[in-house]
Amino acid sequence: MVNHETIGVSATHLSAEDLAALRENLHEQRLFRQEQLRRLAGPADSRAKARLRQQTAGQLEVCVKLAASARMVLADVEAALRRMDEGTYGTCHLCRRPVDRERLEIVPQARYCARCQHVKEAVR
């Protein structure tokens, strides 16, 4: 459990209860993504390997893309947990303002406030 006083000025808009709930959500997401990656990596038995060989190229491409997406989300989740440990969680990486609690409840691994996320996506 993170001591609220050690979190620092950047995360003071989040209560200790908020942080605990967000941490639990991130841990659940991490477990889900790890399991998803295990399943996408494919089972070890020979019948499953034979089925995998029979999959079409399109199906294999979907599996590859799903695995890549799961790895990206897993990396974001683990980075958010590190930010919690470092006391910088909940602070926008661009403008350094607090990320709204409501946004973190929806996307607990968010690195940017909604405004900066919108600007970042518009630049793409």
Inset, instruction - Apply salt bridge (charged side-chain N to carboxylate O under 4.0 Å, His left out) to the pair Glu61 and Lys65, showing each step before the final yes or no. - result: CA-CA 6 Å; Glu61 184 178 346; Lys65 288 184 178 190; 3.2 Å; yes
Inset, instruction - Go through the steps for His27 and Arg30 under the test side chain to side chain contact (heavy atoms under 4.5 Å, CB included), then give the verdict. - result: CA-CA 5 Å; His27 281 295; Arg30 180 169 54 188; 2.8 Å; yes
Inset, instruction - Say whether Phe32 and Leu74 are linked into one hydrophobic cluster, either directly or through other cluster members, by side-chain heavy-atom distances under 4.5 angstrom. - result: no
Inset, instruction - For the residue pair Gln117 and Val107, establish whether any side-chain heavy-atom pair is separated by less than 4.5 Å. - result: no
Inset, instruction - Indicate yes or no for a side-chain donor-acceptor contact from Asp76 to the backbone of Val73 under 3.5 Å, with no hydrogens or angles considered. - result: no
Legend entry - Test side chain to side chain contact (heavy atoms under 4.5 Å, CB included) applied to Leu26 and Tyr89, step by step: CA-CA 12 Å; Leu26 287 165; Tyr89 180 80; 4.2 Å; yes
Legend entry - Pro108 versus Leu22, closest heavy-atom pair with distance: CB-CD2, 4.0 Å
Inset, instruction - Look at the side chain of Arg83 and the backbone N and O of Gln109, then say whether any donor-acceptor pair between them is shorter than 3.5 Å. - result: yes
Inset, instruction - Find out whether Arg115 and Asp100 are in side-chain contact, i.e. whether some heavy atom of one side chain is under 4.5 Å from a heavy atom of the other. - result: no
Legend entry - Side-chain (His13) to main-chain (Thr91) donor-acceptor, under 3.5 angstrom: no
Legend entry - Short N-O contact, Glu35 and Arg39, less than 4.0 angstrom: yes
Inset, instruction - Of all the heavy-atom pairs spanning Ala70 and Leu37, show the shortest one and how long it is. - result: CB-CD2, 3.8 Å
Inset, instruction - Mind listing the closest non-hydrogen atom pair of Cys95 and Cys113 along with its distance? - result: SG-SG, 3.8 Å
Legend entry - Side-chain donor/acceptor of Arg103 to backbone N/O of Tyr112, under 3.5 Å: yes
Inset, instruction - Mind checking the CG-CD spacing from Leu66 to Gln36? Nearest 0.5 Å is all I need. - result: 6.5 Å
Legend entry - Gln34 and Leu31, any side-chain heavy atoms less than 4.5 Å apart: yes
Legend entry - Heavy-atom neighbours of His93 NE2 exceed 12 at 6.0 Å: yes
Legend entry - Gap separating the CG atom of Asn25 from the CD atom of Glu105, nearest 0.5 angstrom: 9.5 Å
